[in-house]
Amino acid sequence: MNIDLKGKIILLTGGSSGIGRASLVMLASGKAKIIAVGRSERHIEETLAIVPQAHFIKADLSKDSAPDYVIEEVLKYTGTLNGFLHSAGVIYCEPFETFRMNELREMAKVNVESGFRILQGLLPAFKNGGSVVFLSSIDAYYGGDPPSSGYSMTKSALIGLTKVLAFELGRSKIRVNSIVPGLIRTPMTENFWDDEFKRRREEFLNRIPLGRAGTPEEVANLVTFLLSDASSYISGNSIFIDGGYHTG
Ligand SMILES: NC(=O)c1ccc[n+]([C@@H]2O[C@H](COP(=O)([O-])OP(=O)(O)OC[C@H]3O[C@@H](n4cnc5c(N)ncnc54)[C@H](OP(=O)(O)O)[C@@H]3O)[C@@H](O)[C@H]2O)c1
């Protein structure tokens, strides 16, 4: 997508892989200045090989101290932000009856709390307003196979947060939206293409009106639109990008 983002400074979590990386590449090609959070050294290096000018902060967002560290590092680099994408996410699948609390807590911290705290701490940097995008999931609306009530809980929280923050921060000219992807082929979902998941995969793909998984670049198009001024009157929405899955 060709959108001019010159002069914009955008912070991304999850910028080292999948949807976050594809968004980073697209935003950088639109001339935005990028600050990104990643955890894996290898994934950060791979991303820097594509966009060497990106400024990476290495942090494990499941740790309590990480959001404050990220805020501090961002403020060392810039006092102004125009956009924030919270793409960092992790999924554990278990039946509800046996869901493990350590996995629930890790998802809550990475998927929700870290985005909440980083945005809260950096709010003063949005001096001229801005745009915030959270990565939710169709799992916030539909049961999945394999099941993940815990993941669904965290992704639903982002939808609620989107609405209330759009209301609360609108007066400061900050727009807040969520993206609700269906099945997107990234490292997070790559094992779904293993032979052992053949039957479940085919069933899932059959339920998608467009009959295929999405690509990280297709989601990055929507991210780029929402972080740009082309979407200047859009706030408080959670937008499906799922090949029509939610209509079935
Ligand atoms: N793929 C899908 O089908 C799909 C569907 C709906 C929603 N989503 C959501 O979309 C977002 C991006 O997912 P993806 O598919 O692009 O997955 P991905 O390729 O696995 O990327 C996940 C990103 O989150 C980061 N991350 C995970 N745990 C972290 C931690 N503890 N600390 C810091 N960073 C951490 C990873 O960093 P490192 O790589 O550096 O470890 C990576 O950059 C997630 O929020 C996911 O829930 C994905």
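Order of listing sets the numbers, starting from 1, for every ligand and every atom in it.
- For the salt bridge (Lys or Arg N to Asp or Glu O under 4.0 Å) test, residues two or more places apart in sequence or in another chain that qualify with Glu218 are Arg212.
- Pocket lining of ligand 1, defined as residues with a non-hydrogen atom under 4.0 Å away: Gly14, Ser16, Ser17, Gly18, Ile19, Gly38, Arg39, Ser40, His43, Ala59, Asp60, Leu61, Ser62, Ser87, Ala88, Gly89, Val110, Leu135, Ser136, Ser137, Tyr151, Lys155, Pro181, Gly182, Leu183, Ile184, Thr186, Pro187, Met188, Thr189.
- Ring geometry, Phe240 versus Tyr141: the interplanar angle falls from 30° to 60°, so the pair is classed tilted.
- When only modelled atom types and interatomic distance are considered, Thr80 and Lys127 share a side-chain donor-acceptor pair under 3.5 Å.
- Looking at Arg201 and Asp194, no side-chain N of the basic residue comes within less than 4.0 Å of a carboxylate O on the acidic one, giving no salt bridge.
- Below 30°, between 30° and 60°, or above 60°: for Tyr77 and His55 the angle between ring planes is below 30°, a parallel geometry.
- Taking the ring centroids of Phe126 and Phe84, they lie at or beyond the 6.0 Å cut-off.
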